[in-house]
Amino acid sequence: MNTETPTSATGKVDGSWPELSTSRSEPCDGCNPVTARPCVLGHHSGYHRDASGAEWLDE
């Protein structure tokens, strides 16, 4: 049984979990080589992903 009490983003114990948000603040400059759609992941390493969910790697 889990006895930990969740806290809000401010650290207040209120029974709710903190809201999650992306830590990527810099945009990715990658574009899908087939569709020319931009990568939506922000600054990252590895596979790129566009809004349709298609993934690709830089060559």
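Since the structure is predicted, the reported quantities are computational estimates derived from the model, not experimental observations.
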J.: Please walk me through it: do C39 and H44 pass side chain to side chain contact (heavy atoms under 4.5 Å, CB included)?
T.: CA-CA 10 Å; C39 178; H44 66 94; 3.4 Å; yes

J.: Calculate, to the nearest 0.5 Å, the distance between atoms CZ and CG belonging to R49 and N32 respectively.
T.: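 Rounded to the nearest 0.5 Å, the CZ-CG separation comes out at 12.5 Å.
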
J.: Rounded to the nearest 0.5 Å, how far does CD of E55 lie from CG of L41?
T.: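 Spacing of CG (L41) from CD (E55) equals 8.0 Å.
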
J.: The test is side chain to side chain contact (heavy atoms under 4.5 Å, CB included); show your working for R37 and S52 and say whether it passes.
T.: CA-CA 9 Å; R37 291 180 180 152; S52 72; 3.1 Å; yes

J.: If I compare all heavy atoms of D58 with all of H48, which pair ends up nearest, and what's the gap?
T.: OD2-NE2, 3.0 Å

J.: Which heavy-atom pair separates C28 from G42 by the least distance, and what is that distance?
T.: CB-O, 3.2 Å

J.: Checking D50 against W56 for the side chain to side chain contact (heavy atoms under 4.5 Å, CB included) test, could you report, in this order, the C-alpha distance in whole Å, the side-chain angles of both residues, the deciding distance, and whether it holds?
T.: CA-CA 9 Å; D50 66 19; W56 71 96; 3.9 Å; yes

